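Below, chain A is the first sequence line, B the second, and so on; all start at residue 1. Note that the structure is a prediction, hence the values are computed from the model and not measured. When reading the values below, keep in mind they use all heavy atoms of this one structure, side chains included, and skip hydrogens, waters and symmetry mates.
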Amino acid sequence: MSETVHRWMEAYPELGSGPISTEPYISPEWYEKEKEKIFKKVWLCVGRANEIPKAGDYKVKRLAAADTSAIIMRGKDGKIRAFHNACAHRGNTVVTETGEETYGSSKAAIVTCRFHGWVYDAEGKLKQVPSEQRFYNCFHKEDNGLTPIACDIWEGFIFVNIAAEPETGLTEYLGEYAEHFAGYPFDDLNYGFTYYTYLDCNWKVAHDAFAEAYHVDTIHAGSFPNVFSTGLQNVKLMGPHRSCAVCLTLNAKPTPVSAVANRLAGASLVSQRGESMLPPTINPDKRSDFAFELSVLFPNTLLHISEGIWFTHQFWPIAHNKTLWEGRYYVKAPETYSQRWATEHAMILQRNAWLEDTATMEDTQRAMQSRAKLEQHLQDDEILIRHGAVVVDQFVNA
Amino acid sequence: MTERLCASGDVAEGEVFQVDLGDGRILAVYRLDGEVFATDDLCSHGDASLADGEIENGQIVCPYHMGTFDIRTGEATGAPCSIAIRTYKVTEEDGAIMLVG
């Protein structure tokens with residue numbers, strides 16, 4: 001066994017090296033345990049604070065894996081709070097949802113249930129009940145506000161925790177992960193796009209497909225030909241979270257159009273720039289082949305940062321074999337037409353790569369459900385997948 | 001007799017601004033097509049501040065239940081509002097909006 005080919009197993013021997021069971025990917029019973037032990041217990045990233053910039057702006061996010069929807073609203077005091085989207089009257093949703101994410105704005109910083117007009121403010125207080133005098137003496141407005149959900153912000157990311165009493169605060173939950181990414185200019189790079197779709201696969205199938213670079217040479221031969229080949233560097237496991245650097249080969253020749261776009265935008269994962277906006281914890285050895293940091297913020301958020309670009313994938317379980325995938329891509333807003341063109345070029349390249357990524361997931365799920373293979377075999381550079389499987393197992397069996 | 005409500009600049013075109021006179025009277029002051037108007041700020045249906053509402057076609061839309069009032073006359077023009085709100089005569093002079101009467 002050479003040190004170079006099994007370096008991550010040697011660094012993290014506690015994860016083991018054996019095959020990984022496919023059962024947690026295909027079992028409805030296991031998924032029910034994940035809902036209870038993971039998605040209803042840990043902090044979940046539900047958006048960016050700049051999605052709701054003004055007092056009274058709100059977003060409702062469906063969280064199927066936690067059996068609820070969260071109203072996330074900015075109050076007149078500027079503070080963002082979260083509540084279950086459920087009316088104290090007869091349980092209707094207060095904000096009528098139009099999909100997985102529903103956005104709205106109220107100058108008065110209130111939400112009104114459309115069923116009977118009960119009004120709640122951004123602190124969750126029940127402000128008004130039409131015909132209140134017809135309710136009985138046992139009914140008290142002050143006891144019937146919206147049910148709060150624990151909510152906190154890190155680097156502009158909004159997190160909620162569905163547990164009535166979260167076991168840890170957000171800072172403790174993020175731990176070293178927060179320090180690893182602190183200081184990256186997420187808010188300055190706020191121009192981009194979001195893709196989302198439903199995939200007929202387990203959320204971990206989706207996670208796994210994005211949590212390694214082993215697939216790049218094969219499935220991205222079209223969108224990113226011959227660029228990634230030096231594998232993972234700086235793998236860092238931080239509690240339930242994980243991160244690593246993905247490196248690229250510098251001598252790969254971009255197409256003529258890509259070369260022009262890279263020069264203009266500096267927004268593709270395979271372009272090279274001088275000055276760094278990365279925190280000192282990222283690519284600490286200043287490797288010249290560093291492409292981007294690939295990280296998993298447990299359980300379902302993948303955060304990637306690089307020079308001039310960052311992106312996330314989020315995998316929201318809908319059922320044991322159905323997942324909402326949301327991919328978001330951010331760069332600095334272009335200032336010239338040529339930058340705009342170059343940015344569009346980079347975004348389309350990224351879109352193509354994501355379509356290649358998502359293409360495998362439903363196939364994987366169907367094949368796993370055949371139970372022809374009951375285990376999967378992971379190589380050393382698939383360490384993030386192994387860590388993910390071990391952490392999920394620890395939570396479920398806790 | 002006139003009483004100062006606010007500065008002209010407090011009320012932008014197409015906007016509404018709340019003025020609390022400190023004696024129990026709270027007014028909503030509007031500017032429509034360059035002209036200023038004032039009504040009671042409190043909705044006659046719920047206990048909402050109309051200054052927190054949006055203006056649409058010369059009407060103020062209450063933020064609580066989307067009922068509406070005609071800004072010029074105070075007439076309730078959209079359910080669930082059915083009781084008119086009081087209007088006030090206002091004038092604008094020397095960069096201030098004044099209550100007349």
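- Within a 6.0 Å radius of CD in A/E165, no more than 12 heavy atoms belonging to other residues, nucleotides or ligands are found.
- Other residues, nucleotides and ligands contribute over 12 non-hydrogen atoms within 6.0 Å of the CG atom of B/D23.
- For the atom pair NE2 (A/H116) and NE2 (B/H65), the distance works out to 11.5 Å, reported to the nearest 0.5 Å.
- Within a 6.0 Å radius of CG in B/N57, no more than 12 heavy atoms belonging to other residues, nucleotides or ligands are found.
- Open room surrounds OH on A/Y196; 12 or fewer heavy atoms of other groups in view lie less than 6.0 Å from it.
- The environment of CZ in A/R114 is sparse: at most 12 heavy-atom neighbours from other residues, nucleotides or ligands sit within 6.0 Å.
- Among the candidates B/P80, B/G53, B/A48, the residue making the largest number of heavy-atom pairs closer than 4.5 Å to chain A is B/G53.
- For a residue to count as touching a neighbouring chain, one of its non-hydrogen atoms must lie under 4.5 Å from one of that chain's; by this rule B/A51 touches chain A with the backbone only.
- Residue contact with chain A, scored on non-hydrogen atoms closer than 4.5 Å, is absent for B/V61.
- With values rounded to the nearest 0.5 angstrom, B/D47 atom CG is found 9.0 Å from A/E132 atom CD.
- Between atom OG of residue A/S105 and atom CD of residue B/E54 there is a gap of 7.5 Å, rounded to the nearest 0.5 Å.
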Given side chain to side chain contact (heavy atoms under 4.5 Å, CB included), test A/T112 with B/M66 step by step and report yes or no.
CA-CA 10 Å; A/T112 305; B/M66 306 295 138; 5.6 Å; no
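- Shown here for B/H45 and A/Q128, the closest heavy-atom pair between the two residues is O-NE2, 4.0 Å.
- Other residues, nucleotides and ligands contribute more than 12 heavy atoms inside 6.0 Å of the CG atom of A/D143.
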